[in-house]
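These notes concern the structure reproduced below.
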Amino acid sequence: MSLDLFRALTPWVSFLLLLGLGTISWLIRWMLAENFSRFRDLKENLEEVEGSLRDLERIRQDDQKYLFEQYVDKKAFYVAVGKNEALIGRIFKQLNELAKSVNQIVGALNAGENKNA
């Protein structure tokens with residue numbers, strides 16, 4: 001290859017390389033823009049689904065509250081609560097009686113030690 005031919009072809013080869021590099025960079029930029037738009041759409045869809053889930057959870061809680069109000073027998077509830085309160089009262093009464101008898105025993109032991117000393 002002669003020097004004149006090389007000088008004649010160099011601008012054309014450079015132009016084709018520049019054109020190819022520009023095309024490749026445009027394709028990469030276009031693909032990135034498409035991916036960003038898809039991510040943006042996905043984010044919007046996720047936010048929409050989260051809003052729907054919040055609404056459904058609120059409705060579920062309202063339904064659950066309604067079911068509890070309708071199907072829990074209030075008389076049975078108050079009877080159960082009353083029985084529990086009565087049991088707790090009896091336990092405290094027995095604990096007080098036990099504390100009195102322990103105090104009497106401890107007092108008697110202390111009095112016996114004072115006489116021996």
Side-chain angles (χ1 to χ4, degrees):
M1 181 190 280
S2 69
L3 189 59
D4 291 332
L5 182 62
F6 182 73
R7 284 182 184 166
L9 290 179
T10 300
W12 291 103
V13 170
S14 298
F15 176 72
L16 289 175
L17 287 174
L18 185 64
L19 189 63
L21 185 62
T23 304
I24 290 172
S25 63
W26 179 81
L27 284 173
I28 291 173
R29 185 176 178 198
W30 176 74
M31 287 190 305
L32 287 174
E34 284 292 317
N35 282 337
F36 286 140
S37 69
R38 287 182 183 170
F39 285 135
R40 197 174 324 117
D41 292 342
L42 181 63
K43 185 178 178 182
E44 290 173 1
N45 288 340
L46 283 175
E47 289 172 356
E48 182 179 324
V49 168
E50 286 175 353
S52 298
L53 282 175
R54 273 188 241 108
D55 294 340
L56 285 173
E57 180 63 20
R58 195 174 317 121
I59 291 170
R60 185 193 69 79
Q61 287 178 352
D62 291 342
D63 288 345
Q64 191 174 19
K65 181 181 174 186
Y66 173 76
L67 285 173
F68 283 149
E69 288 174 353
Q70 294 299 317
Y71 294 107
V72 171
D73 186 16
K74 291 180 183 176
K75 288 182 183 177
F77 174 75
Y78 288 126
V79 166
V81 169
K83 286 182 181 178
N84 286 338
E85 288 177 355
L87 287 173
I88 291 170
R90 285 190 357 212
I91 289 171
F92 278 117
K93 185 178 177 183
Q94 289 176 356
L95 284 174
N96 286 333
E97 290 174 5
L98 183 62
K100 285 180 187 177
S101 57
V102 167
N103 286 334
Q104 288 175 355
I105 292 171
V106 169
L109 290 175
N110 287 337
E113 287 178 9
N114 290 337
K115 285 182 183 179
N116 290 337

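Just so it is clear, the values below take in all heavy atoms, side chains as well, and ignore hydrogens, waters and symmetry mates.
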For this session: Drop me the distance from Glu47's CD to Asn45's CG, to the nearest 0.5 angstrom.
Result: 9.5 Å
Problem set entry | From Thr23 atom OG1 to Leu18 atom CG, the distance as rounded to the nearest 0.5 Å | 9.0 Å
Exercise. Just how far is it from atom OG1 of Thr10 to atom CG of Leu5, taken to the nearest 0.5 Å?
Worked result: 9.0 Å
For this session: Using distance alone, with no hydrogens and no angle criterion, decide if Gln64 and Arg60 have a side-chain donor and acceptor under 3.5 Å apart.
Result: yes
Problem set entry | Distance, nearest 0.5 Å, that separates CD1 of Ile24 from CG of Leu19 | 10.0 Å
Exercise. In terms of hydrophobic clusters joined by side-chain contacts under 4.5 Å, are Phe6 and Leu9 together?
Worked result: yes
Exercise. Taking the side chain as C-beta and beyond, is there a heavy-atom pair between Lys65 and Gln61 under 4.5 Å?
Worked result: no
For this session: Report the C-alpha distance between Arg38 and Asp41 in whole Å, list the side-chain angles of each, state the deciding distance to 0.1 Å, and finish with yes or no for salt bridge (Lys or Arg N to Asp or Glu O under 4.0 Å).
Result: CA-CA 5 Å; Arg38 287 182 183 170; Asp41 292 342; over 6 Å; no
Problem set entry | Leu95 reachable from Ile88 in the ILVMFWY side-chain graph, under 4.5 Å edges | yes
Problem set entry | Neighbour count >12 (heavy atoms, 6.0 Å) for atom CD, Glu57 | yes
Exercise. CG/Leu32 to CZ/Phe36 distance, rounded to the nearest 0.5 angstrom?
Worked result: 5.5 Å
Problem set entry | Sub-4.5 Å side-chain heavy-atom contact between Ser101 and Leu98 | yes
For this session: Just say parallel, tilted or perpendicular for the rings of Trp26 and Trp30, cut-offs at 30° and 60°.
Result: parallel
